[in-house]
Amino acid sequence: MTKAQTAEPITETVYTRAPYWNDIPDEKWMDWRWQMSNRLNTADELAKVINLTDSERKALTSKGLFRVDITPYFASLMDPDDPNCPVRRQIIPTEKEMVPFESMMEDSLAEDKHSPVPGLVHRYPDRVLMLVTTQCASYCRYCTRSRIVGDPTQTFSRQEFDAQIEYIENTPQIRDVLLSGGDPMVLAPKLLEMILSRLRAIPHVEIIRIGSRVPVFLPMRVTQEFADMVGKYHPFWLNIHVNHPKEITPELAAAADRLTRAGVPLGNQSVLLAGVNDSVTIQRKLVHELVKIRVRPYYLYQCDLVEGAGHLRTSVSKGIEIMEGLRGHTSGYAVPQYVIDAPGGGGKIPVAPNYVLSQGPDKIILRNFEGFITTYTEPEDYDPHAIKAQESLIAPRSEPGQEGLTGLLSGKKMFIEPEGFGDVHARGGAEHRLRSGELKQKWQPLGVGSIEQPQLEEPKEE
Ligand SMILES: *Cc1c(COP(=O)(O)O)cnc(C)c1O
């Protein structure tokens, strides 16, 4: 399989099928519509494929649980006898899903707050997340959007798509649109193409991307026709979601092959999950298998503080340990960025081991992955201003208030203060000689050179 990858396109064959479906003709099995309409969602259906534990059965028959639906293809990857199977843990609920934990939240990323129109999340200055459906091919138990995903009554209308697109048209700083959901790849093919073509028609939208687990849950959806279709809207990027090497099948490899041949750069976003992939060895195997099918590991997410996912969370230190075990030990291409999507809507925050040990005016002290400690000597004659003329040729596309620490570094701002900071430190009491007057100006830099200097008197001759 991997040999063919380097030369000829991978041809379609059935490799992954549980015995329960042995009598299904190959053409049917490889038809994504058949897979979608034959998904498993009840305890009785699942019991035909795996030996359910009491805990799984109890969860599956309880009320109010986040939706269960599993494609026959992906169900075939589960170990029927091992309840700790890493594929099974991702998609089969257990009783533990019903155990609340203290820090859990309904909308932990505060996406709804950042939503100017239904389904559009505008969190970052230059890009938006466009939720185009609430439906998926199968449902991950740790879904960050389980508050809306899976609910067929919560889906988006034509008017809402229009409002989303209109917002993007009217917001010129948006240069990157990320379609997600739910899973955009379960949309009716015509509808998805309509959205892509309308986005491509917006002059300031530079790149379009999709985040999808369909290539993993339902690789047969990535037909040649699909690859040709998205290839019409370049630059188009796609991120998939693989958590464990068991999910990298010949079918997924063939789907990835069709996409990369159509010029679509592929990335992977995985979630760090207890009992699934919380090990350096498994993560290394995962990223190696990914780069073999030309998928670049993009993000490794810390599990969100979402209801039902408590038992799948790991400590952050486990994630740092995994990153320590990847960087330097393997190809840079195979190393994802480990991020925590900040509760409260802070966005993705990278978390990594420390490599900078110390710093002085002319030297920085670093350590490498092996523990080798070295110094890098700073240049003595570095002049960052030489680039200014070139910078002025590039029109800024930033949004005020989001410069963050780059604003501090560039000197636009001197500090960032927490809310209420100014009030706490204006210590009441009466106005007096030392504090009255230009209270504010006192704490601003004098900007030597920019203000008028007092003229020195010429020394008088005696
Ligand atoms: C993750 C995310 C993006 C895209 O972030 P990148 O770091 O550019 O991949 C955009 N908007 C929202 C709300 C997101 O959560």
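Small disclaimer: the values here were computed from a predicted structure and weren't measured. Counting starts at 1 for both ligands and their atoms, in listed order.
With contacts defined as side-chain heavy-atom distances shorter than 4.5 Å, the pair Leu196/Phe236 qualifies.
Looking at Arg67, its side chain never comes within 3.5 Å of a backbone N or O of Ser138 through a donor-acceptor pair.
Heavy atoms of His114 found under 4.0 angstrom from ligand 1: none, in either backbone or side chain. When non-hydrogen atoms are compared, ligand 1 lies under 4.0 Å from neither the backbone nor the side chain of Met130.
For ligand 1, the atoms lying closer than 4.0 Å to a non-hydrogen atom of Leu129 are 11 (N), 12 (C), 13 (C). Listed by atom number, the atoms of ligand 1 under 4.0 Å from Tyr299 heavy atoms are 6 (P), 7 (O), 9 (O). For ligand 1, the atoms closer than 4.0 angstrom to any heavy atom of Val121 are 13 (C). Using a 4.0 Å cut-off to heavy atoms of Arg123, the atoms of ligand 1 that qualify are 13 (C).
Evaluated by nearest non-hydrogen atom to atom 8 (O) of ligand 1, the leading choice among His122, Gln337, Gln269, Arg127 is Arg127.
Classification of Glu95 and Lys58 as a salt-bridged pair holds, one side-chain N sitting under 4.0 Å from a carboxylate O. By the 4.0 Å N-to-carboxylate-O rule, Glu378 lies too far from Lys363 to be salt-bridged with it. No salt bridge links Glu289 with Lys246; every basic N to acidic carboxylate O contact stays at or beyond 4.0 Å. Ionic pairing of Asp107 and Arg145 is not present here: no N-O contact between side-chain nitrogen and carboxylate oxygen is shorter than 4.0 angstrom.
At under 3.5 Å, a nitrogen or oxygen of Lys348, whether backbone or side chain, sits near a nitrogen or oxygen of ligand 1. The shortest N or O to N or O distance between Tyr124 and ligand 1 is not under 3.5 Å. Note: an N/O pair closer than 3.5 Å links Tyr298 and ligand 1 by distance alone.
For Glu417, the CD atom sits in a packed shell: over 12 heavy atoms of surrounding residues, nucleotides or ligands are nearer than 6.0 Å.
The aromatic ring centres of Tyr167 and His122 sit less than 6.0 Å apart.
At a 4.0 Å cut-off, at least one heavy atom of Arg209 sits close enough to ligand 1 to count as contact.
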